Amino acid sequence: MPELPEVEVTRQGLADRLEGGWVRAARLGKPLRWPLGVPVDSLVGRQMGVMQRRGKYLWLPLSAPQAAVGAAAAGEPGGVLLHLGMSGSLNLSASAGAAGPHDHFELDTDRGLLRLTDPRRFGAVVWSDALDADPAARLLARLGPEPFDTSLTGLRLHAMLSQRRTTIKAALLAGDVVVGAGNIYVSEALFRSGIDPRQRCDRLSRPRCERLLQALRATLAQAITLGGSTLRDFKDAHGTSGAFQDQALVYGREGQPCGQCGQAVRRIVQAQRSTYFCPHCQRR
DNA sequence: ATGGGTACCTGTCTGC
DNA sequence: TGCAGACAGGTACCCA
């Protein structure tokens, strides 16, 4: 599910509300992608810091435990690195009922109950001593620059892409050239920049890389404003669905007329994933 | 080193 | 109605 906009919308809905709050209890459901790495009770008695995002990961800093607040355990500060996988969402609510079959991580805090719901369980919650310590560091190491990082320019994007022979669709999806765009937003950004998703990275001119970066930023920014996309599962921290899916120009629109030229939008499969594009408006 | 395929897991929808 | 098969927002890992 969640691509950068959905993760960012989630972060925006949680950061202020969680900051400074205390963890009173913690619980795990079914196993996720990786084990937490520490006993879940060791999260109790810690104070939450400002939630941050890197790519599609979220980082919730946690102070060293205070015995007076919760459990007795001593420990060092650290945090949990969260990933929403394909079907995850994080919700903070004052009065949550009993955990459902897809609720796999819960922090009961004085700010409410923070709950990760993830039917497919591709998501993750991993303890790390710091963002730049393993295992967080190892997971984040492969990520490319943030799309809104001002040091990322069309020139730099062009330099990175010129080293690759894969298709532009595959390269953007891989997240090591730029993070954040997944299957929906890659299709949309390529349409908006008029680039054929099958085009080889090393054949893209610098002006086209420039246009691609602009389109990617515009698409992601619009999606964040609209609360992300909800295809089926995604809800923000307040339980609200996104609205970008209604603005998609090609994604999920196979056979429908392209809004620019009227020709039918095509769906092809690249690396086992659907790609939507307009063969007329998008050129190699 | 790069690139492609596989695996993880559950739910929903389609077509026979 | 039942059931098999395809498909779904991601990504670490393995092998060529």
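Numbered from 1 within each chain, the chains take letters A, B, ... in sequence-line order. Given the structure is predicted, the values throughout are model-derived calculations rather than measurements.
The interatomic distance linking A:L32 (CG) with B:dC9 (C1') rounds to 11 Å, in whole Å. Rounded to an integer number of Å, the gap from A:M86 CE to B:dT10 C1' is 11 Å.
The stretch residues 260-284 of chain A participates, sequence neighbours left out, in these ring pair (Phe, Tyr, Trp, His ring centres under 6.0 Å) pairs: A:Y251-A:Y276. For residues 139-175 of chain A, no residue pair satisfies the ring pair (Phe, Tyr, Trp, His ring centres under 6.0 Å) rule, not counting sequence neighbours. The side chain to side chain donor-acceptor pair (under 3.5 Å) pairs that include a residue from residues 211-224 of chain A are A:R192-A:Q222, where partners are two or more places apart or lie in different chains.
Dashed line: the shortest gap from a side-chain N or O of A:S274 to OP1 or OP2 of C:dA8 is under 4.0 Å.
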- Between protein and nucleotides 3-8 of chain B, map the contacts as a letter string: B base, S sugar-phosphate only, - none, heavy atoms under 4.0 Å, written 5' to 3'. SSSB-B
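Taking every side-chain heavy atom of A:R121 into account, B:dC9 is the closest of C:dG10, B:dC9, C:dA8. Taking every side-chain heavy atom of A:H102 into account, B:dT10 is the closest of C:dG9, B:dT10, C:dC7.
Across all strands, A:Y57 comes closer than 4.0 Å only to sugar-phosphate atoms, never to a base (heavy-atom distances). A:R142 comes within 4.0 angstrom of sugar-phosphate atoms only, judged by non-hydrogen atoms across all strands, and of no base.
Taking A:R115 as the reference, A:A96, A:A99, A:D103, A:E106, A:L113, A:T117 meet the side-chain contact (heavy atoms from CB on, under 4.5 Å) condition, with sequence neighbours excluded.
Paired regions of DNA chain C, where each region holds three or more successive Watson-Crick or G-U pairs whose two hydrogen-bonding distances fall under 3.5 Å, are B:2-8 with C:10-16, B:10-16 with C:2-8.
At a cut-off of 3.5 Å, with distance as the only test, no side-chain donor of A:T10 or A:D236 sits close to an acceptor on the other residue.
Neither A:L140 nor A:L152 shares a network with the other; the hydrophobic side chains, linked directly or stepwise wherever heavy atoms of I, L, V, M, F, W or Y lie under 4.5 Å apart, form separate groups for each.
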